[in-house]
Amino acid sequence: MTDADGDGASADGDEASADGEPAAFHAFWADVVADEIEARNPDDPIVIKGGVSPSGVAHLGNVNEVMRGYFVAEVLRERGHEVRQVFTSDDKDPLRKIPRKLANADGEIVGLGDVDAGALGRNLGKPYTSIPDPFGEATSYAAHFAGLLRADAERLGVPIEMLSNTDLYAEGAFDDVTRAVLADLEGVREVLSTYQDKVDDEYVPFNPVCASCGKVTERVTAVDVEAGTVDYVCADMDVGGDTIEGCGHEGTATFREGKLPWRLEWPGQWRVLGVDFEPFGKDHAEGSWPSGVDVARNVLGIEPPVPMVYEWFTLNGEALSSSAGNIVTVPELLDLLEPEVLRYFFALHPKKARDLELARLDQLVDRFDRFERASFGEVDDPELVRFAERAYPFVVGDVADERPPDADPRDRVRLPYTFAAVLGMVDDPELREQLARDEGHFADDTPDWAVAEALERVERARNWAERMDNEYNYRLQTELPDADFDAAVAAALDDLADFVAEGHDGDAIQSEMYETAREHGVEVADFFAAGYRLFFDETQGPRLGEFLGELERDYVVARLRREA
RNA sequence: GGGCCGGUAGCUCAGUUAGGGAGAGCGUCCGGCUUUUAACCGGACGGUCGGGGGUUCGAAUCCCUCCCGGCCCGCCA
């Protein structure tokens, strides 16, 4: 891709559309982005890049990088393009400070106490790839954390290519970029100085790795572009107020034995990998993106990729923060939600600041369910239907692959999330299915795969109720709860026990509860409360009569008689 | 101080590309389901589209301005 061609095509395109050819309307933002990418006539494969800093915890914010790029990749693939979705692990960066929280191989957050923190301290200043995995499993610190993100992407059904920056340097992939930068120090300084005050006449944008102590250094004393080397001194490095001590070694490094600073490395990646599109968080939007564009055009001689800034979202109303503990990981969320629901969250417009409120996950799931119905034309909302018909196939992805080959997607059943939480109050899978059937969620001809799929949500909703400890967090009590009832209520319970013992279905029991309460002069509310106390040790619960009708009769009778 | 992005019903959001009806779900309230007890059905309530100004026959949408929130404008990524 050359500069001139890109500009020319873009200008022609603008004129053409100004002449009357209106831009295509798209209900899905990924189509708009895909249009922009196609307008540049990129060569296949189209490269979509994301980036990850392998520094501690892969949290849900990183998933933006995965999913935003994924939807654009899928749209382009549908349009007939070959697409690579690559991720650079910026793993040649030095560890600058010891993180307070880490995530183990299962994505669980742990404190420093669970790892060899001293080993981390001794390795400050070294590239992540030169530091051992604190959990002693992966080949390096970087490999551990890059692996976490890759695992999360896999859990979400997104295939990504993870590329190690360290490897790219070692293979010489950055040689040309580094040579271009160091051969034009004047130009680089001029470009960068408009964005960074620290860039002066002495500044050399290359950080050799010290051959003696292995740390990333900052002081280059000489550059020899012909030989492809730089001389350096391993001096102290200032990192946000703290100092990482250099060893004082003076040496010579090749272009493969160091790294470019971020503001040059990022555009360098664009050139090395031929990046056509890259989404990034709003923290980059006003900092390294404008300087990256400048560097790309005026130092590296390439057009920067199509950008997309995504808003950050908050978790429970607060900024994501691993140190403050306001964090949620993909594995955690997949205990609460189907993957397609999480994918749906990232299919919503990226520019909107969104809050993911765990206490109201039922709302997110409800919205997904409605979105899914809309994709089948089952919702009377033209706007939503347009979006859903376009985006739904990308959101469900290969979920359908686990269904029988002849399965009709319209046969799928989604139990309302809160109802699924109600079903989660009992453990028995058959009882769960029966209760859902009684409520009319399954028809006689609902296929087995749809029943099984629907019931998977019960386990997740149950996890949610327990995690939130909310009004659905009830458990059928296996032991008789500690409770006293007045004589009238006690008598009514005994009568109800006799009625149940005779053998009646749930509807009949429900009706009888009202009758019995009246006969004994007990407030219906009080009588139900007594029932909830006995079975759930709570004051409220699901529709009780029908619930009891599904339980084992001897158990219900004994419990109503307060015997067991 | 300068810049970027957001602000639509109690909550979560759609609608902003391409100016024309202010919408959905949930919640709330009322009603229905022989039955006040979370699931099902119906209905209602609910908005100065952050404020103000402008353009226009017409603005949530375009322009200006102000307010609020996040981010960037040191280093680092």
Side-chain angles (χ1 to χ4, degrees), chain A residues 22-27 29 31-32 35 51-55 90 93-94 96-97 194-198 216 218 237-242 261-263 265-266 280-291 309-314 319 348-357 359-371 373-374 379-388 415-423 425 435-436 438-441 471-472 474 507 509-515 517-518 523-529 531-532 538-547:
Chain A
F25 174 83
H26 293 300
W29 55 267
D31 276 305
V32 179
D35 280 359
V52 56
S53 183
S55 56
D90 296 333
D93 299 342
R96 307 178 71 81
K97 61 179 181 188
T194 63
Y195 304 93
Q196 295 183 281
D197 291 342
K198 79 161 187 181
V216 178
E218 289 187 326
M237 183 163 56
D238 192 34
V239 287
D242 291 332
W262 166 248
R263 285 190 188 242
E265 188 173 76
W266 195 23
F280 47 88
K282 64 177 182 176
D283 52 333
H284 290 299
E286 291 302 308
S288 42
W289 170 253
S291 77
V309 180
Y310 56 82
E311 259 288 345
W312 291 354
F313 58 84
T314 52
L348 299 173
H349 205 285
K351 288 276 184 150
K352 285 282 223 178
R354 274 167 219 289
D355 185 44
L356 182 68
E357 187 165 5
R360 300 220 169 91
L361 275 191
D362 57 309
Q363 289 194 358
L364 176 62
V365 178
D366 284 349
R367 288 187 61 211
F368 167 80
D369 290 351
R370 187 176 147 81
F371 164 79
R373 289 196 303 277
V379 174
D380 180 22
D381 181 336
E383 299 281 357
L384 178 62
V385 166
R386 264 196 313 186
F387 170 62
L415 300 176
Y417 195 70
T418 53
F419 178 61
V422 169
L423 294 187
M425 296 176 191
L435 286 166
D438 290 349
E439 194 54 36
H441 289 292
E471 65 268 39
Y472 298 95
Y474 298 151
D507 278 346
I509 296 171
Q510 180 78 4
S511 300
E512 182 66 13
M513 290 191 70
Y514 289 88
E515 288 297 320
R518 283 197 206 97
E523 287 290 330
V524 171
D526 292 342
F527 192 48
F528 272 94
Y532 291 127
E538 287 289 348
T539 56
Q540 46 181 2
R543 192 174 285 258
L544 192 56
E546 294 170 16
F547 201 88

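Chain letters run A, B, ... following the sequence lines, proteins first, then strands; residues in each count from 1.
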*Considering only atom P, compute the distance from B:A9 to B:G51 and round it to an integer number of Å.*
10 Å

*Interatomic distance where NZ belongs to A:Lys351 and P belongs to B:G7 [whole Å]*: 12 Å

*Rounded to the Å, how far apart are A:His349 NE2 and B:G7 P?*
11 Å

*Scan A:Phe387 against the nucleic acid and name what it touches under 4.0 Å (heavy atoms): base, sugar-phosphate only, or nothing.*
nothing

_Candidate nucleotides B:C40, B:U12, B:U34, ranked by approach to the side chain of A:Glu357 - the nearest_ = B:U12

*By side-chain contact (heavy atoms from CB on, under 4.5 Å) - contacts of A:Asp507 (at least two apart)*: A:Asp505, A:Glu546

_I need the A:Tyr472 OH to A:Tyr417 OH distance, nearest 0.5 Å._
11.0 Å

_B:U16 to B:C63 separation - C1' atoms, rounded to the nearest Å_ = 15 Å

*Would you give a per-nucleotide map of nucleotides 23-29 of chain B, 5' to 3', where B means the base has a protein non-hydrogen atom under 4.0 Å away, S means only the sugar-phosphate does, and - means neither?*
-SB----

*Spacing between A:Asp369 atom CG and B:C40 atom P, to the nearest angstrom*: 12 Å

*Check whether any side-chain N or O of A:Arg354 sits under 4.0 Å from OP1 or OP2 of B:A14, and answer yes or no.*
yes

*Separation between the C1' atoms of B:C13 and B:U8, rounded to whole Å*: 9 Å

*asked:* Using Watson-Crick or G-U wobble geometry with both distances under 3.5 Å, which nucleotide pairs with B:G6?
replied: B:C68

*What interatomic distance, in whole Å, is found between C1' of B:G20 and the corresponding atom of B:G58?*
6 Å

*In whole angstrom, give the distance that lies between atom CH2 of A:Trp29 and atom C1' of B:G15.*
18 Å

*With sugar-phosphate meaning primed atoms plus P, OP1 and OP2, does A:Lys352 contact a base, only sugar-phosphate, or nothing at under 4.0 Å between heavy atoms?*
base

*asked:* Measure CE/A:Met513 against C1'/B:U35 and give the value in whole Å, please.
replied: 11 Å

*Answer with base, sugar-phosphate or nothing: what part of the nucleic acid does A:Val524 contact at a heavy-atom distance below 4.0 Å?*
base

*Taking the side chain of A:Phe25 as heavy atoms from C-beta outward, which of B:C5, B:C40, B:U17 is closest to it?*
B:U17

*Please report, rounded to the nearest Å, how far the P atom of B:A18 is from the CG atom of A:Asp35.*
12 Å

_On a heavy-atom basis, which atom in A:Ala388 and which in A:Ala374 lie closest, and how many Å separate them?_
CB-CB, 3.7 Å

*For the pair A:Ser53 and A:Asp90, evaluate side-chain hydrogen bond (donor to acceptor under 3.5 Å, both in side chains) and give the outcome as yes or no after the intermediate values.*
CA-CA 5 Å; A:Ser53 183; A:Asp90 296 333; over 6 Å; no

*Find the partner of B:G58: check Watson-Crick (N1-N3 plus N6-O4 or O6-N4) and G-U wobble (N1-O2, O6-N3) distances, both under 3.5 Å, and reply none if neither fits.*
none

*In the 5'-to-3' direction, what one-character label does each nucleotide of nucleotides 72-77 of chain B receive under the scheme B = base within less than 4.0 Å of a protein heavy atom, S = sugar-phosphate only, - = no such atom?*
S-SSSB

*Within the structure shown, what part of the strands sits under 4.0 Å from A:Asp526 by heavy-atom distance: base, sugar-phosphate, or nothing?*
base

*Nearest heavy-atom neighbours spanning A:Met513 and A:Gly545*: SD-N, 4.1 Å

*A:Val379 versus A:Arg370: any side-chain heavy-atom pair under 4.5 Å?*
yes

*B:A38 C1' sits how many Å from A:Leu415 CG, rounded?*
16 Å

_When the P atoms of B:C57 and B:U48 are compared, how many Å lie between them, rounded to an integer?_
28 Å

*Return the minimal non-hydrogen interatomic distance between A:Gly287 and A:Arg263, and the atom names on each side.*
O-NH1, 3.2 Å

_Pair A:Trp266 + A:Phe280: ring centers closer than 6.0 Å_ = yes

*What does B:C40 pair with, Watson-Crick or G-U, if both distances are under 3.5 Å?*
B:G32

*Between B:A39, B:U35, B:A14, which one does the side chain of A:Gln510 approach most closely?*
B:U35

*Taking the nucleotide of RNA chain B with the closest heavy atom to each, which residue, A:Ala353 or A:Leu364, is nearer the 5' end?*
A:Ala353

*Whole-Å distance between B:A18 C1' and A:Arg386 CZ?*
10 Å

*Which whole number of Å gives the distance between the C1' atom of B:G53 and that of B:G42?*
45 Å

*asked:* Taking the basic N atoms (NZ, or NE/NH1/NH2) and the acidic carboxylate oxygens, is any pair closer than 4.0 Å for A:Glu311 and A:Lys282?
replied: yes

*Over all heavy atoms of both residues, which pair between A:Gly281 and A:Trp312 is shortest? Give the atoms and the distance, please.*
CA-NE1, 3.7 Å

*Any-strand Watson-Crick or G-U partner of B:G25, both distances under 3.5 Å*: B:C11

*Have A:Ser288 and A:Trp262 got a donor and an acceptor in their side chains that come within less than 3.5 Å?*
yes

*Nearest-angstrom distance, C1' atom, B:C45 to B:G50*: 24 Å

*In whole Å, what separates the C1' atom of B:A22 from that of B:U61?*
12 Å

*With side chains defined as the heavy atoms from C-beta onward, is the minimum distance between A:Phe387 and A:Leu348 less than 4.5 Å?*
yes

